[in-house]
Each structure stands twice: as structure tokens, then as C-alpha cells.
Q: 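Structure below; questions to follow.
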Amino acid sequence: MRLSRLVSILVLSIPALATAHVGVPSGIAQANKSGQKITFGINHGCDGVGGAKLDTLSIQITIPDGIDKTSVRAMPSDFDPRPVVTKSSGSVTTIKWSRDPADLQDDDVAYYEITFRAKVANVPFTAIPFVLEQVCRPQGGDAGGADDVTVTWTGPDSGGNPEPSPVVYVAPIHANGWNKFTLSTAVSNGDLGLYFADAQIVWRGTEAFSPNMAVNAVIGMTPGVSLLTGDLAAGDEIWVKY
Amino acid sequence: MRGLLSILAVAILGAACGDNTKPAVPNDAGIDATPFVGCIDPGLGRPPTDRLPCDLVPPGLAP
């Protein structure tokens with residue numbers, strides 16, 4: 001059982017390493033916590049005419065449910081010192097970061113990050129997908145946008161979708177050290193590695209799980225302990241060490 | 001007769017109150033039925049490779 005568990009973790013890890021989708025280098029968010037930075041990593045540009053590799057000109061994100069839209073603040077960066085924030089009735093709906101076209105490179109060789117600050121709603125153990133619109137332009141391309149290539153990152157990372165939504169996973173609000181939670185919702189075993197990616201270890205009774213493979217390996221060797229192989233149910237009491 | 005009533009009273013009280021000094025299900029050593037997690041003190045240096053260090057075992061579960 002332990003070997004099969006390790007193999008499944010390895011298999012699940014391979015796509016994340018092999019693909020170059022829009023990433024979330026800020027990692028797991030915490031529910032009902034203000035002042036969190038959410039960062040998206042733009043790992044590559046776009047494919048242009050004739051296989052040309054185009055640099056990124058702009059990124060626009062749409063603020064989804066699960067984010068307190070009144071708390072959103074765009075973070076200026078080298079990419080765009082003055083991102084454009086669109087609001088509706090006091091709530092931020094979109095943010096757009098645009099570069100100076102004069103800074104575009106003639107190849108797709110750069111990595112960019114965009115960041116905003118927000119409070120995540122009280123929605124632990126949920127996955128919040130974001131829709132991103134990425135626009136690329138050839139160096140010296142038409143200023144009116146005739147040469148632009150637009151890619152919309154949306155939808156699930158399945159079924160061969162080449163541009164899936166980046167997803168922010170939400171854990172319960174917690175502190176360093178031991179945290180005791182009573183689950184308000186079920187969590188499937190396959191999602192433990194997503195919601196507890198930054199935890200050291202998770203316990204339910206005498207069952208344990210760790211996203212760290214070295215720790216996970218010794219769980220099954222420890223007298224009185226077994227690997228947590230089932231789903232977590234609503235009402236379960238768990239201990240998590242961060 | 002009075003002695004017999006006393007013995008009966010003690011027996012009834014004992015049955016009602018139970019005996020909390022013994023574990024409900026003693027293990028082989030007869031000393032404790034609490035789930036025992038065989039972690040070890042990580043100490044200094046390399047962490048153990050054959051069982052969990054106790055600092056990864058939650059409060060109340062470690063020996």
C-alpha cells in the first residue's frame with residue numbers, strides 16, 4: 001500500500017513539473033484572512049504566425065467568487081507600474097497589467113509575475129479558478145494590435161485543455177506549529193496534497209499524511225500509525241502541523 | 001445479618017461507581033490501552049528514517 005501511494009504521488013507530480021501553464025507561485029491561500037498576496041507566474045508567451053515565439057504584452061485577470069472583491073489591490077511591478085483596475089459598485093472585477101511595447105523582446109525567453117493583494121473568503125478546502133487573458137505581440141508589431149495573439153487561460157486542467165485556469169487552493173486559516181481543525185466539508189484523499197502542500201504532516205486519529213515524501217515513507221513504518229488513505233469527512237477532527 | 005447488609009451495600013456501590021483505576025482494555029503489559037505512537041525523539045543530526053520523529057506527532061498522541 002505504501003509503495004502504491006508513493007507511486008501515485010510521483011505520477012501526480014509529473015504533469016506539474018512537465019507543463020508550463022500559468023502557475024501560482026504564491027502557493028496555498030488561507031481562508032478568511034486579509035492581506036494575502038496572490039501571484040501568478042507567466043511561464044511563457046504565445047505561438048505566433050509560422051511558429052514564432054512571442055513575448056507577452058499584457059495580462060488581465062478576472063476576480064472570481066471566493067475572493068473578497070472589495071479587498072483587492074493591484075500591485076505595481078516592472079511589468080506595469082500602473083495596472084488598470086476596473087470596478088463595479090466598489091468591487092474589483094478585473095485588473096490589467098500592460099507593458100511598454102518598446103520593451104518587448106524578439107523571442108519568448110522571459111518569465112513574468114503579476115501580483116494582487118486580497119482577502120480570501122471563508123471557503124476552506126475550495127479551489128478558486130481564475131480566468132486570465134494573455135496578449136502577446138511580435139517585437140515591432142502593429143501598434144493597433146493587428147499582429148497580437150490572445151490566449152485565454154480558462155477551464156479545467158483536463159481533457160487536453162492546453163490553456164487551463166490557474167487555480168488557487170484555499171486552506172483553513174492557521175499558524176505555524178500545531179493546528180486543530182474540525183472539517184466543515186469533506187476532502188478527498190487525492191486532494192490532500194493540494195490543500196496541505198505547505199503542511200509538514202496531517203493527522204486523523206492515528207492515521208497520518210504528509211506532502212513530504214520522506215516523512216510519508218516513515219509514517220507506515222511507525223508503530224501505531226498508518227497512512228491516511230481514505231477521504232476526510234465533514235465533522236472529522238484533524239491535527240495539522242505547519 | 002447486619003454484616004451481610006454491609007457487604008451487599010459495598011457490592012452495589014462498587015457496581016454503580018465502577019473502577020476507574022484500570023484501563024478499559026489493557027494491552028499485553030496490562031498498563032495502558034491508549035493508542036501508542038512509537039515515535040522517537042529526533043534529537044540532533046539526521047532525522048530518523050524508520051519511524052516518525054515525535055515533533056511530528058500531535059499533542060496527546062505521543063507516548
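Chain identifiers are assigned alphabetically (A, B, ...) following the order of the sequence lines, protein sequences preceding nucleic acid strands; residue numbering begins at 1 within each chain. Every heavy atom of this structure was used, including side-chain atoms; hydrogens, water molecules and symmetry mates were not.
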Q: Using heavy atoms and a sub-4.5 Å threshold, report which of residues 231-242 of chain A line up against chain B, by residue number.
A: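 The residues closer than 4.5 Å to chain B, in numerical order, are A:Trp239, A:Lys241.
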Q: Counting neighbours of CZ on A:Arg73 that are heavy atoms of other residues, nucleotides or ligands and sit closer than 6.0 Å, is the number greater than 12?
A: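 Counting other residues, nucleotides and ligands, CZ of A:Arg73 stays at 12 neighbours or fewer.
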Q: Report the residue from A:Val218, A:Ile201, A:Asn212 that forms a side-chain contact (heavy atoms from CB on, under 4.5 Å) with B:Leu56.
A: A:Ile201
Q: Most heavy-atom pairs under 4.5 angstrom with chain A, which of B:Leu52, B:Asp50, B:Asp55, B:Ile40?
A: B:Leu52
Q: Does A:Thr222 reach the main-chain N or O of B:Gly38 with its side chain, forming a donor-acceptor pair under 3.5 Å?
A: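 Here the side-chain-to-backbone pair does not exist.
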